[in-house]
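Here's the structure, in structure tokens; my notes come after.
Numbers here simply count residues along the sequence, with the first being 1. This is a predicted model, so every value here is computed, not measured.
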Amino acid sequence: MAIFWAAVNLFFAAFNDMVFKGYARKPRSHGLFVTIVGVIWFISAACCVTDPVKNWRATLFWGAVSGFFSVGGNMLMLDAMRKLDAGICATIYRLNLVPAVLLAYFILAEPITLLQWGGIVCACLAVLAFIPRGGDTMRRELTLSLVFMITASLMRAGMGISYRYGFTHCGASEQVVPVINSVFWVVGGLVYALLRERSELKALADRKACRKLLGYGILSGALVAGIVVTMAKSLSLGHASVVLPIMQMSFLLTGILSVIFLKEKITFMKVLALLLGVAAVLLLSIK
């Protein structure tokens, strides 16, 4: 059953990547989109809280730290998806295992094996294969988006490390921290929209634009809630070394779906990067 839930998680993650890309293709409010996702996530996460919180201070602190990394990483991913293919963004985002392993080495004193070093090399080569080519103006724009995506991956790794440290070393509540994360999405999205997206907010006077925003936001919120629930299910039933690689492979499905539905091009360098990404995930997951 653990593998089943990991596979369901993979599908949820891949389809959420597609929703992100579908929304980011046009100039819309990213902040309000994130807020709506956060509201749906908050409702689903709050309903799953059953155990009393033993350490509120640690729970609030690590919930805030991981929430900052979570909302920041996804905002950057949305911005990067304006220019980059969904397959590229999904691959780089799932390679957050690299900074996670390195952060665990320096912060949690977890050793890095020779195979994991090989995975780090493969991941770096995968990112290099995505370096844009073309005219100077286009290359600068795509390179900036690539930097945003790499930063998003780093922030996703920071979220994962803060989860592990907060849960295992500080006694933070595993049920309430995700609720706090969702609050950061709600508030962070609203603040971003009010400060940075005044023109996009004016466009919401159109009812069709409002319906699009609500539709994308509710769908993504449901998928995010599903990702959180199925991840918890798979990790509770099976070994992390088995289920985590399955879940991280969602970028492969995203790449396939983006070619079929978004008509993204298949190139030799993109296929090479995907294969290197698979090798990186597998090697990094071996202890």
Side-chain angles (χ1 to χ4, degrees), residues 2-21 73 77 80-81 84-105 110 112-133 142 145-146 149-157 159-161 223 227 230-231 234-235 238-287:
I3 294 176
F4 168 78
W5 286 116
V8 174
N9 180 278
L10 180 153
F11 277 93
F12 281 164
F15 280 104
N16 193 50
D17 291 339
M18 296 292 291
V19 174
F20 265 45
K21 178 62 179 179
M77 184 175 181
M81 280 187 166
L84 296 177
D85 288 351
I88 293 176
C89 292
T91 303
I92 295 175
Y93 196 65
R94 301 295 177 256
L95 290 178
N96 62 74
L97 281 175
V98 173
V101 167
L102 293 174
L103 287 171
Y105 174 76
E110 295 183 4
I112 300 178
T113 66
L114 185 60
L115 288 176
Q116 287 178 317
W117 279 117
I120 292 172
V121 171
C122 287
C124 292
L125 292 174
V127 173
L128 289 174
F130 283 136
I131 291 178
R133 294 157 183 80
L142 294 177
S145 295
L146 191 64
M149 200 59 245
I150 293 171
T151 306
S153 182
L154 290 171
M155 295 190 78
R156 176 61 179 81
M159 188 192 82
I161 291 297
L223 289 169
I227 290 168
T230 53
M231 179 182 293
S234 60
L235 288 173
H239 297 292
S241 59
V242 176
V243 297
L244 282 177
I246 296 174
M247 291 186 283
Q248 292 294 103
M249 291 296 179
S250 63
F251 65 86
L252 283 177
L253 181 57
T254 301
I256 294 171
L257 292 175
S258 65
V259 170
I260 297 173
F261 295 105
L262 301 179
K263 308 304 179 183
E264 294 181 355
K265 295 180 180 179
I266 301 176
T267 65
F268 171 77
M269 295 305 291
K270 184 183 288 189
V271 173
L272 177 62
L274 288 173
L275 293 175
L276 287 168
V278 172
V281 169
L282 293 176
L283 292 172
L284 287 165
S285 303
I286 299 174
K287 297 292 185 180

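Note that the CG atom of N96 and the CZ atom of R94 stand 7.5 Å from one another [nearest 0.5 Å]. Between I150 atom CD1 and C89 atom SG the span is 11.0 Å, to the nearest 0.5 Å. For the atom pair CZ (F11) and CG (L223), the distance works out to 13.0 Å, reported to the nearest 0.5 Å. Here L283 contributes atom CG and L97 contributes atom CG; the two are 11.0 Å apart, rounded to the nearest 0.5 Å. Atom CG of L154 and atom CE of M149 lie 10.0 Å apart (nearest 0.5 Å). How far CD1 of I112 is from CG of L102: 5.0 Å, rounded to the nearest 0.5 Å.
Within the 3.5 Å criterion, the main-chain N or O of M81 finds a donor-acceptor partner in the side chain of K21. The closest donor-acceptor contact from the side chain of Q116 to the backbone of L284 lies under 3.5 Å. Distance alone, capped at 3.5 Å, is enough to place a donor-acceptor pair between the N9 side chain and the I227 backbone.
When all heavy atoms are compared, the tightest approach of A126 to G277 is CB-N, 4.1 Å. Here the closest heavy-atom approach between residue Y93 and residue A152 is recorded as CE1-O, 3.7 Å.
Taking the side chain as every heavy atom from C-beta outward, L84 and F130 never approach each other to under 4.5 Å. Between N16 and F20, some side-chain heavy-atom pair lies under the 4.5 Å cut-off. Side-chain contact between M249 and L282 is present, with heavy atoms from C-beta onward closer than 4.5 Å. M231 is not listed as a side-chain neighbour of W5, based on a closest heavy-atom distance of 4.5 Å or more.
Under the salt bridge (charged side-chain N to carboxylate O under 4.0 Å, His left out) criterion, R156 pairs with no residue, sequence neighbours left out. Remark: A6 engages S234, V243, I246, M247 in a side chain to side chain contact (heavy atoms under 4.5 Å, CB included) (not counting sequence neighbours).
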(request) Starting from the C-alpha separation in whole Å, work towards a yes-or-no answer on side chain to side chain contact (heavy atoms under 4.5 Å, CB included) for I92 and L146. (result) CA-CA 9 Å; I92 295 175; L146 191 64; 3.3 Å; yes
(request) Start with the C-alpha distance between F251 and V281, add both sets of side-chain angles, then the distance that settles side chain to side chain contact (heavy atoms under 4.5 Å, CB included), and finish with yes or no. (result) CA-CA 11 Å; F251 65 86; V281 169; 4.0 Å; yes
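Atom CG of L275 is surrounded by more than 12 heavy atoms from other residues, nucleotides or ligands within 6.0 Å.
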Mind listing the side-chain donor-acceptor pairs of residues 253-266 below 3.5 Å, one per line with the distance, residues two or more places apart or on another chain?
residue, atom, partner, partner atom, Å
T254, OG1, D17, OD2, 2.9
T254, OG1, S250, O, 3.1
S258, OG, T254, O, 3.1
S258, OG, G255, O, 2.8
S258, OG, E264, OE1, 3.0
K263, NZ, I260, O, 3.3
E264, OE1, A86, N, 3.3
E264, OE2, A86, N, 2.8

